[in-house]
Protein chains: 2
Amino acid sequence: MAAKTRKRQEMLARPGLIRRRNVAKILKAAETVFASKGFSGASTAAIARLAGVPKPNLHYYFRTKQALYEAVLDHVLGMWVDAMEELHPGADPADALSRYVARKIDLSRRLPAASRLWAMEMLAGAPHIGGFLRGRVRELVAEKSALIETWIEAGRIAPVVPAHLFFVIWAATQTYADFAVQMTAVLNRKSLDADFYDTGRDTLTTLIVNGLGLKR
Amino acid sequence: MAAKTRKRQEMLARPGLIRRRNVAKILKAAETVFASKGFSGASTAAIARLAGVPKPNLHYYFRTKQALYEAVLDHVLGMWVDAMEELHPGADPADALSRYVARKIDLSRRLPAASRLWAMEMLAGAPHIGGFLRGRVRELVAEKSALIETWIEAGRIAPVVPAHLFFVIWAATQTYADFAVQMTAVLNRKSLDADFYDTGRDTLTTLIVNGLGLKR
DNA sequence: GCAAATCCTGACCGATTGATCAAGATGCGC
DNA sequence: GCGCATCTTGATCAATCGGTCAGGATTTGC
């Protein structure tokens, strides 16, 4: 039964050195272009140019612009969700929140395009990930909100509406990727170094930890 | 010398009831479309359709897409800058910061498209407002940062890097416009009512005021 | 009420869009 | 090194893009 020849779609997904290298190049370029121009504003020609491949070659690996976009999104959504696992039962509230903030800001520094693509999707009205938001993310937020509530009931942190706490954390960490251009412009810097992000992390952590009545 | 007929450009800027009404319709539609699709992704046809005017009519009032975009931006940039005036010497730190947060969140509720357009510009790399950021905004931030510093030196608020405090405030207030779609999806709500924004305002205000060692 | 200025719009333009295809080039299993 | 699968690419497609224009309709100033 282990057929020698599989279906077309599966074959296209099979390893193959050339394939993997080209797909990686295209995905990376696509993430950058989609993140700065949005889905409608991005052109497959621009992506192909940045990836260093002819346009028909891009369509050889990804049939449609939509398929390419969804492939890029998959990667981004995964990382976004995974980061929330820093908040888990048994962790010390101040520790867990600090770790989550640190991890989110680290993502903003190392992979800013991912954060920007997420933001771009939201600005566009989340037309491609509505189901994901109403499914996986909603469950995740419900679960983590319940955890925060237990901390509050146990008197370990000050009362707060968990969802809004998350909104603040998400916004204030992702801003270090999404609004990096504004930061460099306003501060008159050529680029943002590690110290800069560390200061951001410390500022936000202090506000949250002190704000929730915790001591560091 | 007060010529009866002025230059073409000035005449085009003259009042006129029909003109004002149509320009307003187009600007409003343009703000919405640019905010969700970005400059490159927005089509003049889509803007004209939403505004309820034929496409050539749109080009009658705004020669180019670029000119229309800049007209929309003007409006947005002005509001963004004005809000910062809540932070002024002589104000009580807790009061001033609370007011600024409240005003910014109020903007996010009442005029979300403006905030989204600002965010869209940043994601695109601020290609149209780089000069504005490095000029007016940089001055403004320097001025307000100096004010924060005086509060710190006077022992009225805990030490903090002013710029990063601003980054947190900007992000956590604008997120109520930029990421509203995510919020409705995650919380399973059809729309976000006034109570929702008030809770957000209170959450953020508490975090900042407590976080900076102030009592409410 | 009559000009002149303003406003409106169908038709149209070249450029760019996402996507396709045939045919050739290259890589790889055996 | 043969043969098949994979990869590459120039040429090309219809659709949409931003923008123009002529000329008719309407408003406005006097």
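Side chains are part of it too, since the values below use all heavy atoms of this structure and drop only hydrogens, waters and symmetry mates. No experiment lies behind these values; they were computed from the predicted model shown. Letters A, B, ... mirror the listed sequences (proteins, then strands); counts begin at 1.
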**Q** Does a nitrogen or oxygen in the side chain of A:Asn22 sit under 4.0 Å from OP1 or OP2 of D:dT6?
**A**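 No, A:Asn22 has no side-chain N/O under 4.0 Å of OP1/OP2 on D:dT6.
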**Q** I'd like to check the salt bridge (charged side-chain N to carboxylate O under 4.0 Å, His left out) partners of B:Asp82; sequence neighbours left out, ordered by chain and number.
**A**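 Partners of B:Asp82 by the salt bridge (charged side-chain N to carboxylate O under 4.0 Å, His left out) criterion come out as none, since no residue qualifies.
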**Q** Could a donor-acceptor pair under 3.5 angstrom be found where the side chain of B:Lys65 meets the base of D:dG19?
**A**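 Per atom types, no contact qualifies.
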**Q** Between B:Ala42 and B:Ile18, name the one whose nearest nucleotide on DNA chain D is closer to the 5' end.
**A**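 Going by which nucleotide is closer to the 5' end, it is B:Ala42.
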**Q** To the nearest 10°, give me the bend of the helix from C:dG1-D:dC30 to C:dC30-D:dG1, comparing the axes of its five terminal pairs at either end.
**A**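 That helix has its two terminal axes inclined by roughly 30°.
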**Q** What distance do A:Lys65 atom NZ and A:His59 atom NE2 have between them, rounded to the nearest 0.5 Å?
**A**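 Reported to 0.5 Å precision, the distance equals 9.0 Å.
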**Q** May I ask you to evaluate whether B:Tyr61 reaches the phosphate of C:dT6, defined as a side-chain N or O under 4.0 Å from OP1 or OP2?
**A**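 So the side chain of B:Tyr61 is outside the cut-off, no N or O lying under 4.0 Å from OP1 or OP2 of C:dT6.
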**Q** Say whether B:His128 and B:Glu70, considering side chains only, have a donor N or O and an acceptor N or O under 3.5 Å apart.
**A**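 No, no side-chain donor-acceptor contact under 3.5 Å.
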**Q** Do any side-chain nitrogens or oxygens of B:Asn57 fall under 4.0 Å of OP1 or OP2 in C:dG10?
**A**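 No.
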**Q** Which nucleotide sits closest to the side chain of A:Ser43: C:dC21, C:dT9, C:dT17?
**A**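 Minimum distance to the A:Ser43 side chain belongs to C:dT17.
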**Q** Would you check if the distance from the ring center of B:His88 to the ring center of B:Tyr100 is below 6.0 Å?
**A**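 Here the rings of B:Tyr100 and B:His88 have centres that are no less than 6.0 Å from each other.
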**Q** Please tell me if B:Arg19 has a side-chain N or O lying less than 4.0 Å from either OP1 or OP2 of C:dC7.
**A**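 For B:Arg19, the contact criterion (side-chain N or O under 4.0 Å from OP1 or OP2 of C:dC7) is met.
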**Q** Give a yes/no answer on whether the side chain of B:Tyr60 brings an N or O atom under 4.0 Å of OP1 or OP2 in D:dG19.
**A**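 So the side chain of B:Tyr60 is outside the cut-off, no N or O lying under 4.0 Å from OP1 or OP2 of D:dG19.
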